[in-house]
Amino acid sequence: MATEVPKNSEGTPKWKNNHSHSNGNLPQNMRRQIISQQRKSLPIASVEKRLLEEVRKHDILIIVGETGSGKTTQLPQFLCNGGFCRDGKVIGITQPRRVAAVTVAKRVAEECDVELGQKVGYSIRFDDTTSASTRIKYLTDGLLLREALLDPLLSRYSVVVVDEAHERTVHTDVLLGLLKDVQKARSLERRKDTNGVTLKEENNVQNRVSLKPCEGSKISPLKLIIMSASLDARGFSEYFGGARAVHIQGRQYPVDILYTHNAEPDYVDAALITIFQIHMSEGPGDILVFLTGQEEIESVEKLIQERVQKLPKTSQTLKVVPIFSSLPSEKQMLVFQTAPPGFQKVILATNIAETSVTIPGIKYVIDPGLVKARSYNHRTGMESLIITPISKAQALQRSGRAGREGPGKCFRLYQESEFAKLADSTTPEIKRCNLSNVILQLKALGVDDIMGFDFMEKPSRTAIANSLEQLLLLGALTDDYKLSDPVGSQMARLPLDPIYSKALIVASEFRCLEEMLIAVSMLSVESMFYTPRDKMQEARDARKCFTSVDGDHLTLVSVYRASAECLEKSRLAGSKEKKAEKTLNKWCRDNFINSRSLKHARDIHSQIRGHVEQMGLHISSCGDDMLQFRRCLAASFFLNAALKQHDGSYRALASSQTVQIHPSSVLFRAKPECIVYNELIRTNHNYIRNITRIDPLWLPELAPQYYASQN
DNA sequence: GAGCACTGC
């Protein structure tokens, strides 16, 4: 299952698709022949009939398929040929990642010899290629969740295949619980249709059944297929009431796993030594090193360059390439270039190389066994980034990266006894994140009893209670914790963090919705600014013209408007869309702005604007009245207010935690008396980011329900 | 004085 990709609409890099790399320029009939041969040689091909029988016999099937089994591309075709697309029904296959949905759909369309968007298509946020004739639909799991808001019984689907379920993203976990419900509801509905009986069932099933989506459409049973990489089939099977699990062989070359004899006190140093050992005494083949973050990668890169100088001239043949998510895409692309003749490529990567990006040519993997992971403290509402040991499943995934094209070697920079101590699998994300959004979605889907919802792994009571409380404070819920109308249902419709959705509603009252639309779009993307270490001053100077003394929100609005102006100018000058985009990209480079992030923000902006218009909110601008906008920010983000203390640190009013302004904020030096912020994250300190200065008197005035009794 | 990875009708 290659998930490697290419420049899609957002400007993420165009990565090579493993499957079709050799078929590109061949005549059509030859290409067809090759594809047909490739399909037949897949491990899954020999079990087509058996699989179809299993799906017919069981409403829920767990498929454990190793890497290279062909399950993602082949199973939907088997199902379609086996009659599961009759009566216009659709087979939906969910993926945790957009790139995967896109590449796999393209490959399957090619295999079926149809145009993408006809029988086979994909649907991801901002990019839907499906049509009325689409029968095999690849989509992100988040998007299927969104679809469920409109069509609670997912009535167009005859089969839903949840792929990569072992990754246990929040979306996957919520989807699993929901699908279980939908399946029950649909069989109930059918029995009602045929016998006229109503059965009492638990879990909101009744609730959802009453929401009949498509009038007159015949409800068919829903088949569920959960696909996962090995290790954890039992968990899924138990969750689905002892569901049948089948195993499909993979096709992966053997990878030698090597451990260190002794514990390594300094994994960075150990990684460096290992890189040079491989370079000097192993055969050719590229090296992939897993590191924890940008800073570490940049320092290791420097250290390698230094040490290479000390090697004999003939051995100075290492080519180092870094890759991490915030790296601009043109730089990310460099990992796909083959090293110059005689050179060995060393890729220094974060977790991005574990699943998201597949780099060809890797023969050696160096794995220090660590990952920087996000965790969330439900009590304080604080996120943190902590370096923690990986799980066994992750270690396996990493080592597998060495065996995609031939036998490989994986150097684990820890002892075998340490491996045994690792957790089997990574803690599911749902246990590690703020649940406000999940809860809002579930409420909108008619699930009122969150504690009673059948999560595969239930979040803690505190986690649920705190998020319910937050939603209550934002006005999304009524006093008895039901979705409020219109605020709650409007918020649920918007694909944003609930606090941002609320900010839009507040802004429409403050007559600055135009500014807020820009602000929340910009706040919803990662790393708008790109600051390479060696050009820090240059980057700072370039951004000066956007800086607002009022804070980061207004600064972001300026950046957005300047970029829009640049695009507009280019269009007015008669540039074609492509040329205009190029001009914008250059503008981004000149201003040290991440063009991928900006594009993303622009996409979000247009999507959200559409929603907001549909809801009938009043879109107007406050013009030059920045006071009005800041008051609106205070009214929206009152839960995140902080006051300066004597020592220049801040006290967050809601939690009484001591926090500091993040150095990336334009207010880092100014340190105003009172501020609101949007992000609280613990790294070396408790940092707050995206900050605007406000007047402390505004808080009791604009959020009296929260601040009246205090002070 | 500093930024794991994904994702959204």
Side-chain angles (χ1 to χ4, degrees), chain A residues 3 10 12 94-101 123-128 130 139-152 154 164 167-175 290-298 323-327 349-357 370-375 383-388 390 394 397 426 429 432-433 437-438 440-441 444-445 492-498 500-501 524-533 536 539-540 594 597 600 603-604 607-608 610-611 614 660-665 668-669 679 681-685 687 689-690:
Chain A
T3 55
E10 277 111 89
T12 33
T94 71
Q95 296 289 329
R97 277 173 297 282
R98 298 160 54 93
V99 285
S123 185
I124 58 179
R125 189 186 191 186
F126 313 129
D127 190 4
D128 180 6
T130 61
L139 72 172
T140 47
D141 42 19
L143 198 70
L144 188 61
L145 273 178
R146 285 275 155 191
E147 283 188 9
L149 285 179
L150 293 183
D151 176 8
L154 297 170
E164 313 286 3
E167 289 190 24
R168 302 293 304 278
T169 66
V170 179
H171 288 154
T172 304
D173 271 22
V174 176
L175 194 58
F290 283 99
L291 295 168
T292 61
Q294 175 176 350
E295 213 177 58
E296 198 171 275
I297 286 174
E298 284 170 350
I323 183 166
F324 44 88
S325 76
S326 62
L327 198 68
T350 59
N351 248 13
I352 194 172
E354 210 175 276
T355 48
S356 307
V357 173
L370 296 167
V371 65
K372 194 185 280 187
R374 186 187 294 250
S375 72
E383 284 187 347
S384 46
L385 289 174
I386 302 167
I387 296 173
T388 50
I390 58 174
Q394 261 180 303
Q397 174 70 24
T426 314
E429 198 188 357
R432 295 183 282 130
C433 72
N437 218 348
V438 167
L440 189 63
Q441 294 304 306
L445 285 162
R493 274 180 67 185
L494 294 165
L496 287 172
D497 191 331
Y500 296 151
S501 303
S524 296
V525 305
E526 295 274 306
S527 44
M528 187 56 65
F529 300 109
Y530 174 63
T531 318
R533 212 189 237 185
M536 261 208 261
R540 207 173 308 157
N594 189 327
S597 301
H600 193 186
D603 283 338
I604 294 176
Q607 188 190 35
I608 304 300
H611 281 294
Q614 266 188 7
Q660 284 177 43
I661 295 184
H662 193 274
S664 65
S665 170
F668 177 65
R669 281 170 212 282
E679 216 180 324
I681 189 159
R682 179 173 181 81
T683 50
N684 290 329
H685 300 278
Y687 280 119
R689 286 162 60 164
N690 295 320

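So that the names make sense, note that chain A is the first sequence line, chain B the second, and so on, each numbered from 1. Predicted model only: the values in this text are computed from it and were never measured.
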Taking every non-hydrogen atom, the tightest pair across A:S123 and A:T130: CB-CG2, 4.2 Å

Please determine, for the side chain of A:R374, which listed nucleotide (B:dG3, B:dA5, B:dG8) has the closest atom? B:dA5

How is A:R540 classified with respect to the nucleic acid when contacts are heavy atoms under 4.0 Å: base, sugar-phosphate, or nothing? base

Is there a side-chain polar atom (N or O) of A:T169 under 4.0 Å from OP1 or OP2 of B:dC6? no

Within a radius of less than 6.0 Å around CD of A:E526, do more than 12 heavy atoms belonging to other residues, nucleotides or ligands occur? no

Looking across every strand, which nucleic acid part, if any, lies under 4.0 Å from A:E526 by heavy atom: base, sugar-phosphate, or nothing? nothing

Regarding A:H171 and A:T169, do their side chains bring together a donor and an acceptor under 3.5 Å, going by distance alone? no

Mind checking A:F529 for me? I need base, sugar-phosphate or nothing, with any heavy atom below 4.0 Å counting as a touch. nothing

Taking for each residue the nucleotide of DNA chain B bearing the nearest heavy atom, is the 5' side occupied by A:S123 or by A:A373? A:A373

Out of B:dC6, B:dG3, B:dG8, which has the shortest distance to the side chain of A:S356? B:dC6

Select one nucleotide: of B:dA5, B:dT7, B:dA2, the one nearest the side-chain heavy atoms of A:I352. B:dA5

Using a cut-off of 4.0 Å on non-hydrogen atoms, how would the nucleic acid contact of A:N437 be classed: base, sugar-phosphate, or nothing? base

Under 4.0 Å, counting only non-hydrogen atoms across every strand here, what does A:R669 touch: a base, just sugar-phosphate, or nothing? base

Has A:Q95 got a side-chain atom pairing as donor or acceptor with A:A101's backbone, closer than 3.5 angstrom? no

Please determine whether a side-chain nitrogen or oxygen atom of A:S326 lies at a distance below 4.0 Å from atom OP1 or OP2 of B:dG3. no

Select one nucleotide: of B:dG8, B:dG3, B:dC6, the one nearest the side-chain heavy atoms of A:T140. B:dG8

In terms of side-chain heavy atoms of A:R98, which of B:dC6, B:dG3, B:dG8 is nearest? B:dG8

Please classify the nucleic acid contact of A:R493 as base, sugar-phosphate, or nothing, using heavy-atom distances under 4.0 Å. base

Taking any heavy-atom pair under 4.0 Å as a contact, classify A:L496: base, sugar-phosphate, or nothing. base

From CD of A:E167 over to P of B:dA5, roughly how many Å is that when rounded to an integer? 15 Å

From CD1 of A:I387 over to C1' of B:dA5, roughly how many Å is that when rounded to an integer? 14 Å

Counting only side-chain N and O atoms of A:T531, is one of them less than 4.0 Å from OP1 or OP2 of B:dA2? no

Could you tell me whether a side-chain N or O of A:R432 sits under 3.5 Å from a main-chain N or O of A:R374, the two making a donor and an acceptor? yes

Grab the two heavy atoms, one from A:A349 and one from A:I297, that are nearest each other, plus how far apart they are. C-CD1, 3.8 Å

A:L370 atom CG is separated from B:dA5 atom P, nearest whole Å, by 16 Å

For the pair made of CD in A:Q397 and C1' in B:dC6, what is the distance, rounded to whole Å? 14 Å

Just call it for A:S527: base, sugar-phosphate, or nothing, with non-hydrogen atoms closer than 4.0 Å on any strand. nothing

Would you indicate which nucleotide in B:dA5, B:dG8, B:dG3 comes nearest to any side-chain atom of A:E429? B:dA5

Which whole-number value in Å describes the distance from A:L145 CG to B:dC6 C1'? 14 Å

Students often get this wrong, so: under 4.0 angstrom with heavy atoms, is A:M528 touching a base, only sugar-phosphate, or nothing? nothing

Nearest to the A:R97 side chain among B:dA2, B:dG8, B:dC6, which nucleotide is it? B:dC6

Short side-chain N/O contact from A:R146 to OP1 or OP2 of B:dT7, under 4.0 Å: no

Can you tell me the distance, in whole Å, between the CD1 atom of A:I661 and the P atom of B:dG3? 16 Å

Touch check for A:L143, heavy atoms < 4.0 angstrom, all strands: base, sugar-phosphate only, or nothing? sugar-phosphate

Which heavy atom of A:S326 sits nearest a heavy atom of A:Q294, and at what distance? OG-OE1, 3.5 Å

Which is more 5' along DNA chain B, the nucleotide nearest A:T350 or the one nearest A:H611? Just name the residue. A:T350

